[in-house]
Amino acid sequence: MEETNKNVLGDCFTSAMALTESGVPHVPTRYILPPSQRPVLSPSIGTGSINLPVIDLSFLHDPLLRPSVIHEIEMACKEFGFFQVTNHGISSSVVKDALDAATRFFDLPADEKMLLVSDDVHTPVRYGTSINHSTDSVHYWRDFIKHYSHPLSKWIDLWPSNPPCYKEKVGKYSEATHVLHKQLMEAISESLGLEKSYLQEEIEEGSQVMAVNCYPACPEPEIALGMPPHSDFSSLTILLQSSQGLQIKDKNNNWVCVPYIEGALIVQLGDQVEVMSNGVYKSVVHRVTVNKDVNRLSFASLHSLPMNKKISPAPQLVNEEKPAAYGDFSFNDFLEYISRNDLTKQRFIDTVKKNKF
Ligand code: OGA
Ligand code: NI
């Protein structure tokens, strides 16, 4: 039996977790993807040969060795819009505690989680399933809690009060990712030939949305997905995963599995960096596969300029030969877009491009 709950809007809500716990042998029809959109799960097909970049950040703080790290970042951004980082300064206990708090949150009884349910993308703290359970034509095998996270003191009181450790543990991880994001944006600005301090204040005061995702074990992973192909609106997304599941699209339009590396964090370029760099860097298109055996957790920390602050191509990267290829947009513009449009039909970044053809 599916466990369903009425949400505040009165419509039915079934979490992926409830389906997994009930032991369904097949995914319900609404999760079944059209054949052309189904994932290839075998690691040997189209995914074997590519080595995705892993960058050791410890030398970022050494003035002599910093240029070589910046160069590695530049190469990774140009080739993939993606890299993993090690020695990133976030301790393994902070990471472990955050994952532990998230596990406990998703293990709570459905009624408790439903206290935070919302399909309004403007709600600062909200629990949900799929992308938007009330409008998705195909559903995705994913539950989530998303919350605004910076500045922490402004939002933390609205975060889940169960499990009792959630605020402290996830709060520590959020603060640590904010610091890391600042360091990475400095490096990315430098790699583009901009000042290290480019947009420093806006980045420091920027918004941060922590999407805590849970992808329960799925009975039919070959016909469903945890998230559809998309790019993030953010400047950067810092992603922590508990096991493999993320795939990115490479330049040849092949899906590449991102390996799980113990202790590493994933960095993905978002639409804000694509616009800021005037297209020198591109945001990475990614999707999430699910698997039969384990529940997978991820923390996607989406950083951006403040809610209403528009990002536009850096003037230093615009000239007669390379005119501005994008208009400007803010996080708020993105929210307006997704509240009215289906992201699986058209990417948001395509609406910001000047030449739409
Ligand atoms: C996201 C996202 C990837 C993952 O939340 O935007 O792409 O592995 N998550 O959960
Ligand atoms: Ni994403």
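Atoms considered below: every heavy atom in the structure, side chains included; atoms not considered: hydrogens, waters and symmetry mates. From a predicted model like this one, the values you see are computed outputs, not experimental measurements. Nothing fancy with the numbering, it's 1 onward along the sequence. Both ligands and their constituent atoms are indexed starting at 1 by order of listing.
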Salt bridge check, Glu204 against Lys182: does any charged N sit closer than 4.0 Å to a carboxylate O?
yes
Is any side-chain N of the basic residue among Lys309 and Glu205 closer than 4.0 Å to the acidic one's carboxylate O?
no
List, for ligand 1, each N/O atom that has a protein N/O partner under 3.5 Å away, with both atom names and the distance.
from, atom 1, to, atom 2, distance (Å)
ligand 1, 5 (O), Asn213, ND2, 3.2
ligand 1, 6 (O), His230, NE2, 3.2
ligand 1, 6 (O), Asp232, OD1, 3.3
ligand 1, 7 (O), His230, NE2, 3.1
ligand 1, 7 (O), His286, NE2, 2.9
ligand 1, 8 (O), Arg296, NH1, 3.1
ligand 1, 8 (O), Arg296, NH2, 2.8
ligand 1, 10 (O), Asn213, ND2, 3.4
ligand 1, 10 (O), Tyr215, OH, 2.6
ligand 1, 10 (O), Ser298, OG, 2.6

Without hydrogens or angle criteria, can the side chains of Ser283 and Asp271 be said to hold a donor-acceptor pair below 3.5 Å?
yes
Test salt bridge (charged side-chain N to carboxylate O under 4.0 Å, His left out) applied to Asp136 and Arg30, step by step
CA-CA 9 Å; Asp136 290 344; Arg30 65 183 180 280; over 6 Å; no
Which protein atoms of type N, O or S are found under 2.8 Å from the Ni ion (ligand 2)?
His230 NE2, Asp232 OD1, His286 NE2
Aromatic ring centroids of Tyr337 and Phe233 under 6.0 Å?
no
I'd like to know if Arg104 and Asp107 make a salt bridge, using a cut-off of under 4.0 Å between side-chain N and carboxylate O.
no
In Leu152, Thr177, Leu302, Ile238, the residue satisfying side chain to side chain contact (heavy atoms under 4.5 Å, CB included) with Gln208 is Thr177
Please round to the nearest 0.5 Å and tell me the distance separating atom CG of Asn213 and atom CG of Leu240.
10.5 Å
Strictly by modelled atom types, are Thr129 and Ser15 linked by a side-chain donor-acceptor pair under 3.5 Å?
no
